[in-house]
Visitor: 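Sharing a structure below in structure tokens format, with a few things to ask.
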Protein chains: 2
Amino acid sequence: MNQIRILLVDDHPVVRAGLRAMLSDFEGISVAAEAADGDAALRELKRLQTLGDPVDVVLMDLQMGAGMDGVTATAQIRLLEAAPPVLILTTYDTDADILAAVEAGASGYMLKDAPPEQIRQAVLAAAAGQTALAPKIAALLMNRIANPAPALTSREIQLLELLATGMSNRAIAKKTFISEATVKTHLVHIYGKLGVDNRTAAISAATQRRIIRAPGQ
Amino acid sequence: MNQIRILLVDDHPVVRAGLRAMLSDFEGISVAAEAADGDAALRELKRLQTLGDPVDVVLMDLQMGAGMDGVTATAQIRLLEAAPPVLILTTYDTDADILAAVEAGASGYMLKDAPPEQIRQAVLAAAAGQTALAPKIAALLMNRIANPAPALTSREIQLLELLATGMSNRAIAKKTFISEATVKTHLVHIYGKLGVDNRTAAISAATQRRIIRAPGQ
DNA sequence: CCCCGGGTCAACCATTTGGTTGATCCGCCG
DNA sequence: CGGCGGATCAACCAAATGGTTGACCCGGGG
């Protein structure tokens, strides 16, 4: 059986070292390269491809201090020919993050506090073209289905995120290139789904239900 | 020269592995033990002390998913006899975090995205009883001193907390037994100090600066 | 003693938000 | 095809919020 070759993408040297140490303990898995942000990741991928030395799985963090963020990078990678599966490995478990990652074409979502064995399983699954979800994330999704989740659309979640940064309706409208009227319509829908009747309560509710991340990240 | 013996405290196995790998590459430094939260860290410290095998430096994360958080743990450790210096290694650089850590008795504050060499220097400094600040943190503190913080009154913080739960001015007024007019006056003061001009932005700013905790707790 | 800052309140007005109704467009599904 | 839901927008009105001015009380420090 061939080695599964991995590209690590994380802006923290400590985390990269940890993953490298952890993964190299596993048979059948090797770390082919590392990158500190999305741009570097794309460069590495292309470089290794032209060397005829392609990577099998990309392990990607979502929050990157500088440079291209994880979601954008994932989308870019999926546009490549012979794009390797991208496995998200991050700290945050909010709907917004998970949805954005899945929409960008991620083939798995793991949390950083996962035990090594789970990460290994996820890498193997991703390499085999399967979907890999952290038990926590899976449980979270099951819970969402069981308790009739408010089911916000991704557009609504997007507006909610802008809302949480303190932007006015007008500012949100400009930022998203829609009219103020539309923003208000969305907000009314959001209030209804969250069972609140004003924007601050919406932020509070959405944060509590982990639909979006807390304002201060 | 004796080895500097370290206790790693972090709830992420990945990060612990990374630090272990990184530190063991350095001469004169060895990882004596690991712990996933504050409680475990205290137990480890005591265990190693009674074995006559004390640790020289504690490397502590601030954000711990479950169990005792880093600040509390740091304070507890400093209460021990022959307490080792505690070096904070975390992701967040808000003044509230830094201040809390320093008040708790931390002897250094590093960020996880620091290059290995900086972390090594910090460990050496801590072991020698010196203070070690990441360049980023040092710059940040200088900046804070130059531009003094807004300094909200405790009453203002109290209203800010209610604000963050999504309450209207009227609701806040009732809850705090003051008039709506007074609530508005306070809010205007708060906006001024935070440099914003509406309630949602105030929540965002206050959360970011860790003046209040995020709506979702 | 007097001033200052924090907390309290009122009145007023402009702007923003919230809430409603109705309408168009588009893609998906049965 | 017909219908449904998501996204878009307009117009309108009521209510809440933001912003200002001025005022009062009280406790602590110069």
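Note that the structure is a prediction, hence the values are computed from the model and not measured. Chain A is the first sequence line, chain B the second, and so forth, proteins listed ahead of strands; every chain is numbered from 1.
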Visitor: Can you see which heavy atom on A/Leu42 is nearest to which on A/Met68, and at what distance?
Guide: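 Reported closest heavy-atom pair: CD1-CE, 4.0 Å.
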
Visitor: Determine: side-chain N/O of A/Thr185 to OP1/OP2 of D/dT8, distance under 4.0 Å, yes or no.
Guide: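 So the side chain of A/Thr185 is outside the cut-off, no N or O lying under 4.0 Å from OP1 or OP2 of D/dT8.
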
Visitor: Grab the CD1-C1' distance between B/Ile172 and C/dG7 for me, whole Å please.
Guide: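 From B/Ile172 CD1 to C/dG7 C1': 16 Å.
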
Visitor: Can you tell me if A/Thr182 touches the phosphate of D/dT8, counting only side-chain N or O atoms and a distance under 4.0 Å to OP1 or OP2?
Guide: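 Looking at the OP1 and OP2 atoms of D/dT8, neither is under 4.0 Å from any side-chain N or O of A/Thr182.
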
Visitor: Please report the interatomic distance CG(B/Leu87) to CG(B/Leu7), rounded to the nearest 0.5 Å.
Guide: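 Between atom CG of B/Leu87 and atom CG of B/Leu7 there are 12.0 Å.
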
Visitor: State whether A/Arg155 places a side-chain N or O below 4.0 Å from either non-bridging phosphate oxygen (OP1 or OP2) of D/dT8.
Guide: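 For A/Arg155, the contact criterion (side-chain N or O under 4.0 Å from OP1 or OP2 of D/dT8) is met.
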
Visitor: Which nucleotide, D/dA10, C/dC9, D/dT20, lies nearest any side-chain atom of A/Ser179?
Guide: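 The listed nucleotide nearest to A/Ser179's side chain is D/dA10.
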
Visitor: If I take atom NZ in residue B/Lys184 and atom P in nucleotide C/dT15, what distance separates them, rounded to the nearest angstrom?
Guide: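 Roughly 15 Å, once rounded to whole Å.
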
Visitor: Can you check side-chain hydrogen bond (donor to acceptor under 3.5 Å, both in side chains) on B/Thr182 and B/Ser179, steps first, answer last?
Guide: CA-CA 5 Å; B/Thr182 307; B/Ser179 83; 3.1 Å; yes

Visitor: For B/Asn169 and C/dA11, give me the distance from atom CG to atom P, rounded to whole Å.
Guide: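 That distance rounds to 17 Å.
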
Visitor: Look at the side chain of A/Tyr191 and decide which nucleotide, out of C/dG19, D/dG18, D/dG6, has an atom nearest to it.
Guide: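 Of all the options, the side chain of A/Tyr191 is nearest to C/dG19.
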
Visitor: Using atom CZ of B/Arg199 as one end and atom P of C/dT17 as the other, report the distance to the nearest whole Å.
Guide: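 Whole-Å distance recorded here is 11 Å.
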
Visitor: Can you tell me the distance, in whole Å, between the CZ atom of A/Arg170 and the C1' atom of D/dC9?
Guide: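 Those two atoms, CZ and C1', are 16 Å apart.
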
Visitor: Show the numbers, then the answer: is there a side-chain contact (heavy atoms from CB on, under 4.5 Å) between A/Tyr109 and A/Leu133?
Guide: CA-CA 5 Å; A/Tyr109 199 105; A/Leu133 283 187; 3.9 Å; yes

Visitor: For DNA chain C, whose closest nucleotide is more 5', that of B/Phe177 or that of B/Asn198?
Guide: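 Between the two, 5'-proximity favours B/Phe177.
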
Visitor: If you compare every side-chain N and O of A/His186 against the phosphate oxygens of D/dT8 (OP1, OP2), does one of them come in below 4.0 Å?
Guide: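 True: A/His186 side-chain N/O within range (under 4.0 Å) of D/dT8 OP1/OP2.
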
Visitor: Using atom CD1 of B/Ile178 as one end and atom P of C/dG6 as the other, report the distance to the nearest whole Å.
Guide: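 Rounded to the whole Å, the gap is 15 Å.
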
Visitor: Indicate yes or no for a side-chain donor-acceptor contact from A/Arg78 to the backbone of A/Pro84 under 3.5 Å, with no hydrogens or angles considered.
Guide: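 Yes: the side chain of A/Arg78 pairs with the backbone of A/Pro84.
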
Visitor: Quickly work out the B/Glu180 CD to C/dT8 P distance and round it to whole Å.
Guide: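 Spelled out: CD on B/Glu180 to P on C/dT8 is 15 Å.
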
Visitor: Rounded to the nearest angstrom, tell me the gap between atom CE in B/Met167 and atom C1' in D/dT17.
Guide: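 So the two atoms are 16 Å apart, to the nearest Å.
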
Visitor: Can you tell me which nucleotide in C/dC9, D/dG19, D/dC9 comes closest to the side chain of B/Asp197?
Guide: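 Minimum distance to the B/Asp197 side chain belongs to D/dG19.
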
